[in-house]
Amino acid sequence: MSKGPELIITEKDNAARRIADILSGESAEADRINGVNVYKWGGKRCIGLSGHVVGVDFPPEYNDWRDVEPVELIDAPIDKHPTQENIVAALRRLARNARRVVIATDYDREGELIGKEAYELVRDVNEDVPVDRVRFSSITDREVTEAFDNPDGLDFNLAAAGEARQIVDLVWGAALTRFLSLSARQLGDDFISVGRVQGPTLKLIVDREREIEAFDPEDYWELFADLQKDSESFEAQYFYLDEDGNEAERVWDGDDAEEAYETLRNVEAATVDSVRRRTRTDDPPAPFNTTQFIRAAGSLGYSAQRAMSIAEDLYTAGYITYPRTDNTVYPEDLDPRELLDAFTANRTFGDDAQNLLEQEEIEPTAGDNETTDHPPIHPTGELPSRSDLTEDEWDVYELVVRRFFATVAESAKWEHLRVVADAGGLSLKANGKRLVKAGYHEVYPYFNSSESFVPDVAEGESLAVTDTEIEEKQTQPPRRYGQSRLIETMEKMGIGTKATRHDVIQKLYDRNYIESDPPRPTRLARAVVEASEEFAELIVSEEMTAQLEADMQAIARGDASLDDVTAESREILEDVFEGLMESGDEVGKHLQKSLKADKTVGACPESDHDLVVRKSRRGSYFIGCDGYPDCTYTLPLPSTGKPLIMDEECDEHGLSHVKMLAGRKTFVHGCPLCKAEEADAEEDLIIGDCPECGAGAESETPQNGDGETDGEHGELAIKRLRSGSRLVGCTRYPDCDYSLPLPRRGDIEVTDEECEEHDLPEIRITYDDSDREPWDLGCPICNYRAYQAEQAGGDELQSVKGIGEKTAEKLKAAGIEDVPSLKEAEPDALADLVDGVGPDTVRKWQSAAD
DNA sequence: GCAAGGTC
């Protein structure tokens, strides 16, 4: 019997550290094996995995998509192999002489499977060591201690349920993905994927788009009147009772609307029929789970992906709890007063925390979902200072803090006032609301708490009708899903998990299935959904997950085996493939046609082919003729962003407008041919000498392409390129490629002011929209230098090529604070002052700084 | 290079 250590295995490093702290009474020390943290104390070791450290896949002989018929994957063997070699190696080393192993992975199905994977790795190197399993719902002193005092065994059935899911997902996903990609001859980076979760998610988006397109708008009218009491005026709306006796505001017949409007217009006063006052309690929101957090961050303008990425950073830094959770009920051991206490000294949160602490009773809200793996997202009580975080991180951190505050705050109270009046036999109503007790709104400003004013009136009172209005409207198609609505709907449908839903959406973007935000489906997406609906309906249906979920529960209960479930699933897929293989060509053609439609801008002006968006070998986008190489017509596109073809077409050329997607820098490029023609028509405007090869340049004698002096001096000119961008560039381009950027929007005005340092006129940008102030961009060289400095994190020195963060620090220590002083410095003297820098390097910087 | 699920 070996006397080695006891080995505790957790799902992630963070959990390992916290559990080690609890069990050791904070005496555990961190060690590293193979670059993996191992916490040790007494005779114990604790190591954190990184989720699954082994993966399932087909053996290598199935790797070549062209050599293997997709249908063969259905019955192909499936292997498990380490995906995190260093962790697996460290685990093996520790397990070899362990005297006992305790699996302490998350308390959920996937955690049980990860635990079983660890168990198998342990067994590979140690046949006899006893292996226990501990389960706890949150990593706290009490729960962890209790769990380790009462160890249990691994639940192999539950783990098998997870394995069945892995197999079904791999077999269906890989076989169908390869089939669709092969049939459309899309084998590169742009393969065509389907899967149990991405399928129904994509169908959700495509179905909504179908509804929008099929929508037939209907006209209706709404009538309003301003009522006046004393000098206070408020708006009331006309309503009537429909045939079911329900209140209705929309008038569907134009003549009826006109008639009512005439009546209303001719009355001078309305009589108050009824006044109803009600107070409504507005309860604070439940604690954050992942979905609700993403939704709240979404209303602040963060994409689902971005919100999660920030949350993960805040978690890793120790400021908030684990961000992937379904739980909306705080664990019992969370003491709200203690947590609030941690905020009382803080500048931003102190007052709110103090006020909350002064409440007599603190009873946190609770949602419907209580799970066992992680608590709802809340601040840890370890506070960052504002400068520790980026602006976005602080924004999100504040949201999490304030959400916690809200959940322990009091309800708000609204007073609703509803007034119904009669105007010439027509009913008018006005709804006012007033926040009489702010409650949680005081600490959580993210919900709308705006009031609407209706004055105190009495029944029978007469009010002047001062203004009447009729509005013609149309019923609107259903709205597209935004990212957070999509995630909420996925959650309701039971597809994906808290940790993957936002990734699935990102995957749809990456696969060219959706574009823009809120996401719109591409033609390719429709074709994939259509093909799936016809031949493999299950893969775009939420039913597949529901069925799998039921099967997994049967396995977990012991009522079914992994083999039963996977064999049945494989049989269904065999049937799917029978239909699919018969129509493979047809499916492929449909997909190819849609792929091309997504790229087509319009007809080529020089041949009978289409113009399509293409990618150059250097990775930039341009527009080229589909008839290439017979026709070599091209049009350039801007260098920033990914082109999206819009519905709008150019009246003159019949080409679709192009939008360049680049996150916050997204802009509409418009018709690419118009842009090119505008550039051709505009003459370059000379503003000075080129600093590199102009008359005053010291550094180099201008040379032509052969390396001989061509005797010509370059000048700087404001130019408009065919790609639509504008710049200040050398007239000797391409022999001299000196250039400075100019903004895409606005009119460029060359002023009389001149920059003394560079002998260039200062430039001003003016805008057509009258409310936008002109921008004094100034000297283009100074402007570009300031821009580069901003990009380099506010440090001007780092804008110079060759100077990084460390060098900038050294230069500052030597008294060089900015670019002008760098340029004035004597190279030999400066080199003496700065470690590891020679006079030639200084000269290089000086010429680069120009 | 395929899925979906962990985690970073």
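So you know, we letter chains A, B, ... as the sequences are listed, proteins then strands, and number each from 1.
Between A:Arg165 and A:Asp551, none of the side-chain N atoms (NZ, or NE/NH1/NH2) sits under 4.0 Å from a carboxylate O, so this pair counts as no salt bridge. Using a 4.0 Å cut-off between charged nitrogen and carboxylate oxygen, A:Asp124 and A:Arg92 count as a salt-bridge pair.
B:dG5 atom C1' lies 13 Å from atom NZ of A:Lys80, rounded to whole Å. Spacing between atom CG of A:Asp373 and atom P of B:dT7 amounts to 9 Å, rounded to whole angstrom units. The CG atom of A:Leu176 sits 11 Å away from the P atom of B:dA4 (whole-angstrom rounding). Atom CG in A:Leu538 sits about 13 Å away from atom P in B:dA4, given to the nearest Å. Protein atom CD1 of A:Ile310 is 18 Å distant from nucleotide atom P of B:dC8, rounded to whole Å. Put simply, CE on A:Met552 is 9 Å from P on B:dG5, counting in whole angstrom units. Rounded to a whole Å, the CG atom of A:Asn86 is 17 Å from the P atom of B:dT7. If you take CD1 of A:Ile192 and C1' of B:dC2, they are 12 Å apart, rounded to a whole angstrom.
Among the protein residues, A:Arg196 comes within range of the sugar-phosphate backbone only, with heavy atoms under 4.0 Å from sugar or phosphate atoms but none that close to a base. Note on A:Gly496: only backbone sugar-phosphate atoms sit closer than 4.0 angstrom, heavy atoms only; bases stay farther off. Here A:Gln198 lies in heavy-atom contact (under 4.0 Å) with sugar-phosphate atoms only. Residue-level contact check: A:Arg109 touches neither bases nor backbone, having no heavy atom under 4.0 Å from any strand. The residue A:Glu11 sits close only to the backbone: its heavy atoms come under 4.0 Å of sugar-phosphate atoms, none of a base.
When each of A:Leu49, A:Asp13, A:Ile87 is paired with A:Val36, the side-chain contact (heavy atoms from CB on, under 4.5 Å) condition holds for A:Ile87 and for no other.
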Let's go through A:Asn512 and A:Lys642 carefully: what are the C-alpha distance in whole Å and the side-chain angles of both, what is the deciding distance for side chain to side chain donor-acceptor pair (under 3.5 Å) to 0.1 Å, and is it a yes or a no? CA-CA 11 Å; A:Asn512 295 322; A:Lys642 189 181 165 198; 2.7 Å; yes
Could you walk me through whether A:Leu113 and A:Arg109 satisfy the side-chain contact (heavy atoms from CB on, under 4.5 Å) test, starting with their C-alpha distance in whole Å, then the side-chain angles of each, then the deciding distance to 0.1 Å, before giving a yes or no? CA-CA 6 Å; A:Leu113 175 53; A:Arg109 186 174 54 219; over 6 Å; no
For a side-chain contact (heavy atoms from CB on, under 4.5 Å) check, start with the C-alpha distance between A:Phe58 and A:Asp79, then their side-chain angles and the critical distance, and finish with the verdict. CA-CA 6 Å; A:Phe58 302 109; A:Asp79 291 340; over 6 Å; no
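The stretch residues 45-79 of chain A touches DNA chain B through A:Ser50, A:Gly51, A:His52, A:Val56, A:Asp57, A:Phe58, A:Asn63, A:Asp64, A:Trp65, each having a heavy atom within less than 4.0 Å of the strand.
The side chain of A:Glu110 lies closest to B:dG5, out of B:dT7, B:dG5, B:dA3. Here B:dC8 is the nucleotide among B:dC8, B:dC2, B:dA4 with the atom lying nearest to any side-chain atom of A:Arg324. Among B:dC8, B:dA3, B:dG5, the nucleotide with an atom closest to any side-chain atom of A:Thr500 is B:dG5. For A:Arg165, whose side chain is taken as the heavy atoms from C-beta onward, the closest listed nucleotide among B:dG6, B:dA3, B:dG5 is B:dG5. Listed candidates were B:dG6, B:dG5, B:dC2. Nearest to the side chain of A:Gln84 is B:dG6.
Between A:Ser193 and B:dA3 there is a side-chain N or O to OP1 or OP2 distance below 4.0 Å.
Other residues, nucleotides and ligands contribute at most 12 non-hydrogen atoms within 6.0 Å of the NZ atom of A:Lys589.
Place A:Leu170 and A:Tyr315 on DNA chain B by their nearest nucleotides, and A:Leu170 ends up nearer the 5' end. Of the two residues contacting DNA chain B, namely A:Arg511 and A:Ala499, the nearest-nucleotide position lying further toward the 5' end is that of A:Arg511.
Ring geometry for A:Phe404 against A:His378 counts as tilted: the plane angle lies between 30° and 60°, on a 0 to 90° scale.
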